[in-house]
Amino acid sequence: MSADLKRLGRRLVGRWSSEAIHPAIPNTVLLGSSEIEWLDGEQFLIFRSHCEHPDIPDAISIIGGSDGLRMHYFDARGVQRLFEVTVTDDGWIITMDRNSSAASFASSDAPFSQRVTYTFEDDHQVMSAKVELSYDEITWQDDLAATYTRVS
């Protein structure tokens with residue numbers, strides 16, 4: 001196991017509640033939950049997420065890799081994406097290139113690049129997420145913003 005995966009797992013493993021806002025669903029706080037656990041053998045993290053709003057799909061992600069950390073994302077729409085993962089001192093960042101052969105999009109989506117910056121606070125009991133999208137690799141626009149609070 002890589003040192004970065006081990007460090008990320010120590011911070012992430014557990015159950016989280018979440019509150020998010022999304023520009024496509026104005027004036028609505030999106031409530032949800034996530035559970036992050038080790039796959040037996042502790043070589044991969046399993047990240048399950050659920051949102052109570054019907055327009056946000058449930059998803060599962062697998063984080064790990066022997067040649068750099070990656071996150072394989074799959075959701076209830078059939079969308080799958082491959083993100084590069086970078087562990088930082090205060091959080092972690094995932095990035096996806098819209099031209100990647102490992103990215104699929106919902107039928108209503110134009111291909112986009114995506115980055116999510118997660119920042120830990122309060123001794124890893126709170127995690128904020130800022131999602132950004134780019135359709136041209138130059139201009140980035142804010143997308144979902146979320147706050148996760150550790151439940152256990």
Side-chain angles (χ1 to χ4, degrees), residues 1-25 28-98 100-107 109 111-133 140 142-152:
M1 168 194 327
S2 78
D4 279 345
L5 181 61
K6 186 175 185 176
R7 182 166 64 144
L8 186 60
R10 280 195 309 262
R11 299 180 195 175
L12 283 179
V13 168
R15 291 180 36 238
W16 301 79
S17 65
S18 61
E19 293 185 358
I21 56 171
H22 195 290
I25 310 169
T28 303
V29 175
L30 306 168
L31 301 176
S33 60
S34 296
E35 185 169 349
I36 302 156
E37 64 185 344
W38 287 108
L39 181 67
D40 289 345
E42 295 191 1
Q43 298 298 310
F44 295 93
L45 289 167
I46 301 170
F47 186 153
R48 291 179 178 86
S49 61
H50 168 76
C51 183
E52 294 177 14
H53 195 283
D55 292 344
I56 305 295
D58 287 352
I60 187 169
S61 299
I62 309 296
I63 304 168
S66 58
D67 60 341
L69 287 183
R70 291 182 178 74
M71 184 175 93
H72 294 257
Y73 167 94
F74 308 91
D75 72 29
R77 301 169 295 179
V79 169
Q80 57 185 324
R81 299 185 177 135
L82 179 62
F83 292 87
E84 299 292 324
V85 177
T86 304
V87 178
T88 65
D89 287 341
D90 62 350
W92 56 303
I93 301 167
I94 61 172
T95 57
M96 178 198 66
D97 182 338
R98 69 189 177 114
S100 167
S101 62
S104 67
F105 300 90
S107 59
D109 289 339
F112 54 84
S113 294
Q114 186 175 35
R115 66 183 173 210
V116 185
T117 303
Y118 295 91
T119 305
F120 291 105
E121 303 163 26
D122 194 21
D123 197 29
H124 305 127
Q125 300 303 302
V126 175
M127 178 173 62
S128 61
K130 178 182 177 183
V131 181
E132 299 172 286
L133 305 177
W140 289 85
D142 289 342
D143 194 44
L144 181 95
T147 301
Y148 297 80
T149 303
R150 186 179 298 278
V151 175
S152 65

Any salt bridge linking [X] with [Y]? Criterion: basic side-chain nitrogen under 4.0 Å from a carboxylate oxygen.
X   : Y   : result
E42 : K6  : no
R15 : E35 : no
D89 : R7  : yes

What's the separation between atom [atom1] in [X] and atom [atom2] in [Y], rounded to the nearest 0.5 Å?
X    : Y    : atom1 : atom2 : result
D142 : L133 : CG    : CG    : 9.0 Å
S61  : R81  : OG    : CZ    : 10.5 Å
D58  : C51  : CG    : SG    : 8.0 Å
R115 : E84  : CZ    : CD    : 15.0 Å
E19  : L31  : CD    : CG    : 6.0 Å
F83  : T95  : CZ    : OG1   : 8.5 Å

Donor-acceptor side-chain pairing of T88 and D90 below 3.5 angstrom
yes

Please determine whether the number of non-hydrogen atoms from other residues, nucleotides or ligands lying under 6.0 Å from atom CG of D40 exceeds 12.
no

I21 atom CD1, neighbour heavy-atom count above 12 within 6.0 Å
no

With H124 via ring-ring contact (aromatic ring centres under 6.0 Å, His included) - residues at least two apart:
F120

Tell me the closest heavy-atom pair linking [X] and [Y], and the distance in Å.
X    : Y    : answer
A129 : V116 : CB-CG1, 4.2 Å
P57  : D75  : CG-OD2, 3.7 Å
S128 : E121 : OG-OE2, 3.5 Å
Q80  : F74  : OE1-CE2, 3.5 Å
Y148 : S18  : CD2-CB, 3.7 Å
L5   : W38  : O-CH2, 3.6 Å

Would you say that [X] contacts [Y] through its side chain, given a criterion of any heavy-atom pair below 4.5 Å between the two side chains?
X    : Y    : answer
Y118 : I94  : yes
T28  : H53  : yes
L30  : E52  : no
I62  : L45  : no
M127 : R150 : no
W92  : L12  : yes
I63  : R70  : no

As a test of understanding, state which of V85, L69, T86 forms a side-chain contact (heavy atoms from CB on, under 4.5 Å) with D4.
L69

Verify the ring-centre separation between F47 and Y73: is it less than 6.0 angstrom?
no

List the steps, then state whether side chain to side chain contact (heavy atoms under 4.5 Å, CB included) holds for V131 with Q114.
CA-CA 7 Å; V131 181; Q114 186 175 35; 3.4 Å; yes

